[in-house]
Each structure stands twice: as structure tokens, then as C-alpha cells.
There are 2 protein chains.
Amino acid sequence: MPELPEMANLARQMNRELKGKVVAGVEVRQPKVLNGPEEQFRGLVLGKAFDAVRSKGKWVMAELLPDAHFLLSLGMGGEALYHRAGEVLPERYQVKFTFSDGDSLTINFWWFGYAHAVRAADLGAHRMTAELGLSPLDDSEFTYDAFTAVLEGRKGGIKSFLMDQKNIAGIGNVYIQEILWNARLHPNRRITDIEPAQMQVLFKEIRDTLRKATDLGGLIYERDLYNQKGRYEIYYLGAADGKAVCPMCGAKIEKLKSAGTPSYICPTCQK
Amino acid sequence: MPELPEMANLARQMNRELKGKVVAGVEVRQPKVLNGPEEQFRGLVLGKAFDAVRSKGKWVMAELLPDAHFLLSLGMGGEALYHRAGEVLPERYQVKFTFSDGDSLTINFWWFGYAHAVRAADLGAHRMTAELGLSPLDDSEFTYDAFTAVLEGRKGGIKSFLMDQKNIAGIGNVYIQEILWNARLHPNRRITDIEPAQMQVLFKEIRDTLRKATDLGGLIYERDLYNQKGRYEIYYLGAADGKAVCPMCGAKIEKLKSAGTPSYICPTCQK
DNA sequence: AGTTGCAACAGGGA
DNA sequence: CTCCCTGTTGCAAC
């Protein structure tokens, strides 16, 4: 489940490691992860040099000079791993870049990931990245005013709102549990039913939760560019087996379905 | 509640009474019931002769020679009344046609009706009539095959399907109660959950219910072109006050909300 | 654990 | 008892 914290760290590491590297070889084992014919992808990537690598929501966006961008989404799970020349590569990957110095990058999707390449002029037409909403860790963009502005007029449940990437970019079904528990909000709580004071708390918890997870290197069961685990532990670990209790009140964590996906809540703390 | 039976009878009566009559005068008291500026409506109607008058779904469609059509929907209630020259007109109406022989037609909407006029060439662009679905009393059109064809792939509740004018034209929130009770189907019953044998029954009851009501001159509380009441009595009369019982089993008729509108069902007979 | 697109559903307004 | 529009929700697909 790579969400904003994992992808932000991955982008930072890729930016440090790959900037200036020239793509000498591309291997695509599963062309359906691309956004077009394999030949077009190769044409956009081969011979190009990685420049600034950033993240936006659950996407890593790398500039390829000249004239292209490489866009990576790990979907429902996967890793992007960096390998020094001569290191043993993992057996399983869908896409591999080899650089002119012999280093390489393997990208593995457990399920439904995207490795896209676009011309620089077409970046704005790449809807999955172009239509992303607010970046929660950008303090100049994610202000309380901006947050309430996108909330304006919305009437649905708070979980489905926060998970919609067009509203806020980067929250998936793992961190939403943390955020809502931290804010003491039930996932089915109607937006129109949340008091301003509580909305302020929610705003703060979105930022703080994602920032803390990013600072801790992401989730404890995810891997970064160097195949290192993160140190952020989710509070409801084991809830799927009915073994988790609320760290605040000790009540048993309950599983329910909300916005189409499973949710885990403390029935006493979250209203 | 003028639905298919009332409108079919109204069209038949108008066809008999108005064919050949020339529109000598038009009075529009409430221009918002028109589909354009009042002057345009007058231009399309004045001096024209009524020709064939037919019905389709809840609409009466009259040919005006040359080159126009008059389209009438009584919405949530109302009457179209014919008056011989010299008769006293009702006080309340939104639109009145006066014919060259002194006879007249008054149209009264209780709520949300439409009196539209279009050029013959624009009839196909009049979406509210052009997009109507199957005509249940047209035996060559409303076959069981055609019925199952529009049902193909649908997964919602049966009531919302039958009330959608794009599927079958003419069923409103009155006759749907009769049809579903006759077919022993609960309004919320999933389409995918209805056995073929029961679907056959439903098909038959759509036809038979609407045909019987048409033959009886429509609902007992509606008025035809000659201000005469119909003779079709709904089975759940008084259900809104909790006073109706099922004619079959004697259980109290229950009120519930289905597809956004009230429904009345026998809790034991309709599953 | 992800996103898209579509059908189904509900609410408000004319 | 009408219809249309819009936003929301649920589902199947990739």
C-alpha cells in the first residue's frame, strides 16, 4: 500500500540517486503497465537523463531530459529498488531501467501499477496526475482555507471524500484509518455533520499523520528504494483477525465497510 | 395522476373531437409551461388544423397541419377539457385553444405540466417524447422478447426500472402499485433476482393492468376530455391513512419509500 | 492495498 | 401523482 509517505520518500531517494543518470537500457516484461505501445515508451525513455524527481499524491514524477517525464504509481503495492552495478537483481519485476554506469532500477508491482512516460508537452494531459487535488504536505498549498474550500458544498461521508484523489492527493485505505482514528471521526460521518472545531482537528491530523509517517520512512511493512523497511506502525495491526484493541480506550477494533473498502474503527472513540 | 390509461383515452377522445378543427385563438396564462417563447408557440399553433392525435407514454401528441405538433403532458395532475361553443369555461386553466367554430379546449395543470409545440422537422429533437421507451399497449412492440431485451444487464430494483420512461413509457407511481401487487412483486425486488416465470407474470400484468384501466376510462378520480370520471379503482385506496387492507389476504397495506417515491404494498403477498 | 467508468440511487428544484 | 440535473454510492473491470 504505497501511499503519500512511501511515495514521497521514494521520490526523494530517487532524486538523490538518479539525477544525471542516463538510461542506457529498458526492459519491459509486462507492457500493460505502460500508457501506450512499448516502442513509444522506449523512445521516450532511452538515452534520456533523469533530472528532478518529485512526488504528488501516490505518484512519483521524474523529469527525463530532454523533453519527457517518467510517471510511476505502485498501485496496490510493489517496490522500486535501486541496484549498484554488479548487484544481484530481484527475480520478479515488470520494468527495469539500466543506466550507462551499470546501475539499475527495478520496478515490481504486486497488483495494478503504472509505469507511464509522456512527452513534456503532454504532461498536462496525463489525467491521473494532472487532476490530483491538494498536496497535504505542502504547507503553502494545504491551508485550512484551501481544505474548507474543497469541502464546500460536499454532503457525502468523510472517508470517501478524503480518499478521492481529486480532493486531496495521497491518502489511501491505510492512512485513512490512522487519520480518522487520530481525529476521532467515524468513516461514515457526514461532512455536513462535522463541526468547524472538529474539522480543524481533522485538517491537522491529515498533515501530522502523513508527515510523521514520512519522517519515519513510511510503513513498517513497505520497502524504500534501498529495500529498507519503514518505521511507522499502524494502530489497528491485527484488526482483520479481530485481535487489535484501541490504544486509547482498549475497546476491540471493529471492521466495517465504508466507501466500498474495509475500515477499522474504535467503536467508542470514533463518532 | 394522468398516466398511460388516462392519456391514451384523452388522445382517443381528442382525435375524435378535434380532427379538422382550426385553431383561431390561443391564450397562454402561464408561459413557463411552454417550450419556448410564447410568440413562437403562437406561431406554431395559430391557424393550424388538428389532425391525428395519438398518445405515447404519458404524452398526448397531436399533429397540427401544416408542419407542427402539439405535445401535452399533464405532469402530476390536471385536465384537458373540451367545450362546445357557448358553454361556460372553467375558471382555472393555463392554456386555452379556441377553434374557428367557437368550440374550445382548456388545459389545466395542477402541478408541473407541459404544453409544447414543435415544428414537424424538430419532433425527433423533442427529447421528452423522442426518448420514450416501449409502449406497453402496442402488442407488436411490447413483446416479451422486447421486454427482456431492455431488462438485459439491469441490476437495480424493479420499481425504478419500470418507472423509467426510457425503458417502458407510461407507468407512474399510481399504476406501478397495481402492477406490482398484481404480479406479487415487492418494489425493491432486484431485477436479477426475479425468476423468468415471475418475469412472464410481470410482463402480462403490465399489459393487463394498463389495458383494463384504459378500458374502464382511467382512474376513478381523474377526468377525461368531457370531464367524466373513470371507473378504475386502485386497490390500496386509503393506504396513506393506514386504512387499506390487501384484497387477497386481508393484511394491512404498508407504506414505504422506494425509488424515491412512496410505495404501498401488501407485506405478505409481495416479495 | 489502486483507479476508472458506469449504473443505481437520493435530494433539490421547477 | 412529474421530470431533469447533480452529486454520491456501489459494482465490475483492469
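Just so we're on the same page: letters track the sequence lines, and every chain starts at 1.
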Quick check on C/dA8: is either OP1 or OP2 less than 4.0 Å from any side-chain nitrogen or oxygen of B/Arg154? yes
Nearest-nucleotide 5' precedence on DNA chain C, A/Trp111 against B/Trp111: A/Trp111
Distances under 3.5 Å between nitrogen or oxygen atoms of protein and nucleotides 9-12 of chain C:
| residue | atom | partner | partner atom | Å |
| --- | --- | --- | --- | --- |
| C/dC9 | OP1 | B/Gly157 | N | 3.4 |
| C/dC9 | OP1 | B/Arg190 | NH1 | 2.9 |
| C/dC9 | OP1 | B/Arg190 | NH2 | 2.9 |
| C/dC9 | OP2 | B/Ser160 | OG | 3.0 |

Does the gap between the ring centers of A/Trp181 and A/Tyr235 come in under 6.0 Å? yes
CD1 of A/Ile158 versus C1' of D/dT9: gap in Å, rounded? 16 Å
Starting from P on C/dG2, measure out to CZ on A/Phe112 and report it in whole angstrom. 12 Å
Rounded off to whole Å, could you give me the CG-to-P distance for the A/Asp164 and D/dG10 pair? 14 Å
d(CD, B/Glu79; P, D/dT2) in whole Å: 16 Å
Rounded to whole Å, please give me the gap between NZ in A/Lys32 and C1' in D/dA13. 11 Å
Please report, to 0.1 Å, the donor-acceptor pairs under 3.5 Å made by any side chain of residues 150-165 of chain A, with sequence neighbours excluded.
| residue | atom | partner | partner atom | Å |
| --- | --- | --- | --- | --- |
| A/Arg154 | NH2 | A/Asn167 | OD1 | 3.2 |
| A/Lys159 | NZ | A/Asn173 | OD1 | 3.0 |
| A/Lys159 | NZ | A/Ser258 | O | 3.2 |
| A/Lys159 | NZ | A/Thr261 | O | 3.3 |
| A/Lys159 | NZ | A/Thr261 | OG1 | 2.9 |
| A/Lys159 | NZ | A/Pro262 | O | 3.2 |
| A/Lys159 | NZ | A/Ser263 | OG | 2.8 |
| A/Ser160 | OG | A/Gly157 | O | 3.2 |
| A/Asp164 | OD1 | A/Lys166 | N | 2.9 |
| A/Gln165 | OE1 | A/Gly170 | N | 2.8 |
| A/Gln165 | NE2 | A/Met163 | O | 3.0 |
| A/Gln165 | NE2 | A/Ile171 | O | 3.0 |

Does B/Thr261 reach a base, just sugar-phosphate, or nothing at all? Heavy atoms under 4.0 Å. sugar-phosphate
We want to know whether A/Tyr232 and A/Glu6 form a side-chain donor-acceptor pair, criterion being a heavy-atom distance below 3.5 angstrom. no
Grab the CG-P distance between B/Leu151 and C/dA7 for me, whole Å please. 15 Å
Main chain of B/Gly78, side chain of B/Asn108: is a donor-acceptor contact present, judged purely on distance under 3.5 Å? no
By side chain to side chain contact (heavy atoms under 4.5 Å, CB included) - contacts of A/Ala117 (at least two apart): A/Phe41, A/Leu44, A/Val45
Can you give me the N/O atom pairs linking the protein to nucleotides 3-6 of chain D at distances under 3.5 Å, or say none if there are none?
| residue | atom | partner | partner atom | Å |
| --- | --- | --- | --- | --- |
| D/dC3 | OP2 | B/Lys58 | NZ | 3.3 |

Go through the structure and list residues passing side chain to side chain contact (heavy atoms under 4.5 Å, CB included) with B/Arg190, not counting sequence neighbours. B/Thr192, B/Asp193
Between C1' on C/dA14 and CD on B/Gln30, what's the gap in Å once rounded to a whole number? 11 Å
Output every pair passing salt bridge (Lys or Arg N to Asp or Glu O under 4.0 Å) with a member in residues 171-180 of chain B, not counting sequence neighbours, ordered by first then second residue. none
Worked check of side chain to side chain contact (heavy atoms under 4.5 Å, CB included) between B/Trp59 and B/Tyr114: CA-CA 9 Å; B/Trp59 286 81; B/Tyr114 304 112; 3.9 Å; yes
Position toward the 5' end of DNA chain C (nearest nucleotide), B/Ile191 or A/Gly172: A/Gly172
Side-chain H-bond candidate by donor/acceptor type, A/Glu27 with A/Tyr93, under 3.5 Å: yes
How close or far is atom P of C/dT3 from atom CG of A/Leu71, stated in whole angstroms? 15 Å
